[in-house]
4 protein chains.
Amino acid sequence: MPFTFNIATGSSVPIYKQIADQVRLAVANGKLTVETQLPSVRALAEELVVNPNTVARAYTDLAREGFIEARAGKGVFIIPKRKVISREEGWRRLEPLIDGLIGEAAALDFSREELEQAVRKKLSQWKTPPNNKL
Amino acid sequence: MPFTFNIATGSSVPIYKQIADQVRLAVANGKLTVETQLPSVRALAEELVVNPNTVARAYTDLAREGFIEARAGKGVFIIPKRKVISREEGWRRLEPLIDGLIGEAAALDFSREELEQAVRKKLSQWKTPPNNKL
Amino acid sequence: MPFTFNIATGSSVPIYKQIADQVRLAVANGKLTVETQLPSVRALAEELVVNPNTVARAYTDLAREGFIEARAGKGVFIIPKRKVISREEGWRRLEPLIDGLIGEAAALDFSREELEQAVRKKLSQWKTPPNNKL
Amino acid sequence: MPFTFNIATGSSVPIYKQIADQVRLAVANGKLTVETQLPSVRALAEELVVNPNTVARAYTDLAREGFIEARAGKGVFIIPKRKVISREEGWRRLEPLIDGLIGEAAALDFSREELEQAVRKKLSQWKTPPNNKL
DNA sequence: GTGGTCTAGACCACG
DNA sequence: GTGGTCTAGACCACC
């Protein structure tokens with residue numbers, strides 16, 4: 001079964017980020033492996049009924065982050081994740097996201113235990129890909 | 001020492017959200033307790049050098065979420081958190097946040113173990129309030 | 001005939017609430033159905049001769065309540081109503097509204113029978129949508 | 001047992017209106033009868049821990065509507081409700097309140113049946129006072 | 001004094 | 001094109 005995307009219209013999360021997040025998660029999960037080809041910008045835009053610019057934006061972000069590579073005339077492919085930013089810089093960006101998640105969970109009336117369980121469940125699907133040498 | 005805010009201008013996360021997030025997190029961590037008074041809209045706006053409307057927007061959101069209460073002529077106060085969001089809506093909003101966090105962590109070259117540890121550490125600071133009686 | 005709005009300037013009811021109330025009622029009465037597009041923020045602001053922010057405020061409230069969905073670049077659409085408010089919070093907010101209505105009716109010299117009849121008549125127009133499938 | 005007031009701080013309903021609404025409802029219910037004396041502005045303000053101006057505002061509104069009468073040196077008393085406004089004007093003011101209630105109920109995810117039942121329950125407590133001759 | 005509403009207009013993110 | 005954010009400043013309701 002090929003990898004499929006799920007788009008939620010009207011979400012506060014922009015569509016281009018939903019697309020990119022799903023690719024990132026699928027790579028982390030091992031559901032998308034190195035050398036897998038992704039749909040072309042045009043094809044994916046048509047399939048998801050979104051603007052091609054939106055798909056292009058997601059692919060651009062993913063390429064900049066070292067997840068994918070566009071090969072002229074061939075298509076877009078998953079590549080071994082390149083390390084792109086430093087440890088300290090990464091942590092500096094990640095920490096507020098965790099803080100934001102906790103704040104949001106509290107606002108949504110979840111308990112600490114519930115959030116911990118939800119995160120653990122999502123994380124348990126995450127397999128570190130074998131050829132991430134860094 | 002009174003609770004102090006830290007605003008990063010030029011961040012992609014809007015100022016009103018930075019303010020609200022810090023209050024949410026401080027309540028979760030027990031740094032802000034029930035009946036504590038927050039700075040007035042005008043005072044905080046002056047302190048942070050932002051527009052009063054921006055502070056008001058943050059306070060409005062927090063009040064709607066059941067964290068605080070605005071008392072006319074008195075000011076803004078932390079209250080025992082009310083449950084306002086339905087269960088289903090809560091999950092609907094929480095899940096993409098977790099997916100986004102994991103996606104970002106992968107993009108930032110963190111391993112599953114590192115993210116899990118970081119989240120666990122942050123979560124350990126979340127104190128469910130000891131049945132706060134006013 | 002497209003749905004039209006009626007604004008009473010100088011009313012004690014804020015304009016953004018008048019707009020939102022009319023949408024809520026029209027949805028309840030079946031005059032606005034799922035996938036109907038509302039006027040854009042700018043267009044409605046021009047039509048009603050109010051500030052775009054005022055219209056945006058009404059739309060934001062309606063979106064948060066689960067009546068409508070803003071699709072970037074497309075516009076604002078009626079969606080199948082989502083349940084967003086917890087049961088307890090719902091009652092907490094509804095009860096004072098009913099008390100206020102009865103109090104106002106008494107102040108306006110209506111009898112119990114008159115009020116009951118008026119409410120029943122209005123309620124009879126409230127059509128639960130027939131399990132709207134988009 | 002004397003009539004007692006219940007004030008919800010931080011409600012969207014202003015305190016002066018909460019006080020006035022409770023008097024109106026109690027008169028409609030027959031819990032407050034003609035010639036009953038209400039607490040003085042000062043006494044009630046102290047009891048409810050609110051600003052005396054707030055109580056005075058409620059009493060002023062009630063007096064204007066013909067519910068109560070201040071007798072110099074004696075105190076404040078319930079009087080036979082005087083008819084203050086015309087039928088048409090009353091209906092013109094009441095209708096949007098009913099519309100607003102229905103819209104709010106829909107926003108709070110109540111069904112038509114639930115709202116009808118809630119209103120009926122409140123209304124069933126309403127006894128038209130015997131000496132309302134109009 | 002407090003917060004809530006509204007206007008006016010700029011800038012940006014998204015598609 | 002759309003809506004979301006922010007600023008600036010006015011006015012009002014409430015206490």
Side-chain angles (χ1 to χ4, degrees), chain A residues 7 9-19 45 48-58, chain B residues 7 9-19 37-45 48-60 62-63 68-77, chain C residues 7 9-19 37-45 48-60 62-63 68-77, chain D residues 7 9-19 45 48-58:
Chain A
I7 297 305
T9 76
S11 163
S12 74
V13 180
I15 294 176
Y16 82 89
K17 188 167 189 302
Q18 294 183 42
I19 296 173
L48 302 179
V49 196
V50 300
N51 191 305
N53 289 334
T54 306
V55 177
R57 164 80 190 265
Chain B
I7 296 306
T9 64
S11 161
S12 75
V13 34
I15 296 175
Y16 81 89
K17 186 166 190 305
Q18 295 184 41
I19 296 173
Q37 182 170 7
L38 292 180
S40 79
V41 169
R42 288 163 176 78
L44 185 53
L48 301 179
V49 198
V50 300
N51 189 287
N53 284 339
T54 306
V55 177
R57 165 77 194 269
Y59 281 4
T60 303
L62 289 167
I68 67 176
E69 191 177 273
R71 296 173 190 159
K74 300 265 180 55
V76 173
F77 300 83
Chain C
I7 296 306
T9 64
S11 161
S12 74
V13 179
I15 295 174
Y16 81 91
K17 188 168 188 304
Q18 294 183 42
I19 296 172
Q37 181 170 7
L38 292 180
S40 80
V41 169
R42 288 163 176 81
L44 185 53
L48 301 179
V49 197
V50 299
N51 189 287
N53 284 338
T54 305
V55 176
R57 165 77 192 269
Y59 281 5
T60 303
L62 290 166
I68 65 176
E69 191 176 272
R71 297 175 190 158
K74 301 265 181 57
V76 173
F77 299 82
Chain D
I7 297 304
T9 76
S11 162
S12 74
V13 180
I15 294 175
Y16 81 90
K17 188 165 189 303
Q18 294 184 42
I19 296 173
L48 301 180
V49 198
V50 301
N51 191 304
N53 289 334
T54 306
V55 177
R57 164 80 191 266

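First the proteins, then the strands, lettered A, B, ... as listed; each starts at 1. The structure presented is a predicted model; accordingly, all values stated were derived computationally and were not measured. Values reported hereafter were calculated over all heavy atoms of this structure, with side chains retained and with hydrogens, waters and symmetry mates removed.
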Contact pattern, 5' to 3', of nucleotides 10-15 of chain F - B, S or - by protein heavy atom under 4.0 Å: ----SS
Write down the distance between [atom1] ([X]) and [atom2] ([N]), rounded to a whole number of angstrom.
{"X": "L48(C)", "N": "dC6(E)", "atom1": "CG", "atom2": "C1'", "answer": "14 Å"}
{"X": "Q37(B)", "N": "dG1(E)", "atom1": "CD", "atom2": "C1'", "answer": "11 Å"}
{"X": "L38(C)", "N": "dG3(F)", "atom1": "CG", "atom2": "C1'", "answer": "13 Å"}
{"X": "Q18(C)", "N": "dT5(E)", "atom1": "CD", "atom2": "P", "answer": "13 Å"}

Least distance between heavy atoms, Y59(C) atom then P39(C) atom: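 Reported closest heavy-atom pair: OH-O, 2.8 Å.
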P52(B) to V41(B) - nearest heavy-atom pair and separation: O-CG1, 3.4 Å
From I15(D) atom CD1 to L48(D) atom CG, the distance as rounded to the nearest 0.5 Å: 8.5 Å
Which residues share a side chain to side chain contact (heavy atoms under 4.5 Å, CB included) with N51(C), sequence neighbours left out: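 Counting only residues at least two positions away or on another chain, N51(C) forms a side chain to side chain contact (heavy atoms under 4.5 Å, CB included) with N53(C), T54(C).
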Please name all residues satisfying side chain to side chain donor-acceptor pair (under 3.5 Å) with [X], sequence neighbours left out, ordered by chain then number.
{"X": "Q18(B)", "result": "none"}
{"X": "R42(C)", "result": "none"}
{"X": "S11(D)", "result": "none"}

Sugar-phosphate, base or nothing in reach of A70(B), heavy atoms under 4.0 Å: sugar-phosphate
Stem regions touching DNA chain E, defined by at least 3 consecutive Watson-Crick or wobble G-U pairs below 3.5 angstrom: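 E:1-14 with F:1-14 - these are the stems of 3 or more pairs that involve DNA chain E.
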Set of salt bridge (charged side-chain N to carboxylate O under 4.0 Å, His left out) partners for K74(C), sequence neighbours left out: none
